[in-house]
Amino acid sequence: QVQLVESGGGLVQPGGSLRLSCAASGSISSMNVMGWYRQAPGKERDMVAVAFSTGPKNYADSVNGRFTVSRDNVLNTVYLQMNSLKPEDTAVYYCHYRTLRNTDDSWGQGTQVTVSS
């Protein structure tokens, strides 16, 4: 199994920025997909951004152009740079890991992001 620990959440004003980090440990496959999902109360958990270890990245339409996902494969860490934040970005953000062939996956415990004046 892979363990994920998120950090970087908090309170920010609209238009501000936050940088989330997720450090993975354990039996990490070199061929994997790591990324971020978010969930607001009463809503389903949705993909925000994911990054394949081979390079490609996918973004939700709602964050494309504002958020950037990146990886440090030496540190087994994935980041989410969040710019031009909006109140509708408020949610619990969860880090996710899966092997490329989907034989294993793990979730972080979540970190709260609140965008408010």
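All residue numbers refer to positions in the sequence shown, counting from 1. What you see below is based on every heavy atom in this structure, not just the backbone, and it leaves out hydrogens, waters and symmetry mates. A quick note: this is a predicted structure, and the numbers were derived from the prediction, not measured.
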Answer with yes or no whether the side chains of Q39 and D46 bring together a donor and an acceptor at under 3.5 Å. no
L20 vs V113 side-chain heavy atoms within contact, under 4.5 Å: yes
Does one hydrophobic cluster hold both V50 and L80, with members joined at side-chain heavy-atom distances below 4.5 Å? no
Quick one: are the ring centres of Y37 and W107 less than 6.0 Å apart? yes
Are L85 and L18 packed together at the side-chain level, in the sense that at least one heavy-atom pair is separated by less than 4.5 angstrom? yes
May I ask you to test the Y97-V33 pair for a side-chain heavy-atom distance under 4.5 Å? no
For the student: nearest non-hydrogen atoms of T68 and Y59, plus distance: CA-OH, 3.4 Å
Do P87 and S116 have side chains that approach each other closer than 4.5 Å (heavy atoms only, starting at C-beta)? no
If Ile, Leu, Val, Met, Phe, Trp and Tyr residues are connected whenever their side-chain heavy atoms lie under 4.5 Å apart, and connections chain through other members, are V12 and M82 in the same group? yes
Let me confirm one number: the CD-CD1 distance from Q3 to I28, rounded to the nearest 0.5 Å. 8.5 Å
Do V115 and Q13 have side-chain heavy atoms sitting under 4.5 Å apart? no
Is the shortest heavy-atom distance from the side chain of R66 to the side chain of K86 under 4.5 Å? yes
Taken to the nearest 0.5 Å, the spacing of D89 CG from F67 CZ works out to 4.0 Å
Could you go through the side-chain hydrogen bond (donor to acceptor under 3.5 Å, both in side chains) check for S106 and Q1 one step at a time? CA-CA 7 Å; S106 299; Q1 251 290 305; 2.8 Å; yes
Interatomic spacing from CE in M34 to NZ in K57 - rounded to 0.5 Å: 13.0 Å
Is it true that, when you exclude Q112 itself, more than 12 heavy atoms of the residues, nucleotides or ligands shown sit nearer than 6.0 Å to its CD? yes
Do the side chains of V48 and V69 join up, straight or via other hydrophobic residues, at under 4.5 Å, putting them in one cluster? yes
Within one Ile-Leu-Val-Met-Phe-Trp-Tyr cluster: M47 and W36, side-chain cutoff 4.5 Å: no
If we ignore hydrogens and angles and just use 3.5 Å, is the side chain of T77 paired with the main-chain N or O of L75 as donor and acceptor? yes
Got H96 and D105 here, is their nearest side-chain heavy-atom distance under 4.5 Å? yes
Rounded to the nearest 0.5 Å, the OG atom of S25 sits from the CG atom of L4 at a distance of 7.5 Å
Looking at A40 and A91, what are the two nearest heavy atoms and their distance? N-CB, 4.0 Å
Does Y79 have R19 sitting over its ring (NZ/CZ under 6.0 Å from centre, angle to axis within 45°)? yes
Closer than 3.5 angstrom, by distance alone: can the side chain of E6 be matched with the main-chain N or O of G110 as a donor-acceptor pair? yes
Cut-off 3.5 Å, side chains only: do N32 and S53 have a donor facing an acceptor? no
Okay, side chain of R98, backbone of L100: is any donor-acceptor separation there less than 3.5 Å? yes
Test log, rule side chain to side chain contact (heavy atoms under 4.5 Å, CB included), inputs V78 and C95: CA-CA 8 Å; V78 64; C95 184; 3.8 Å; yes
For Y94, does the six-membered ring have the charged nitrogen or CZ of R38 within the cation-pi criterion, i.e. under 6.0 angstrom from the centroid and within 45° of the normal? no
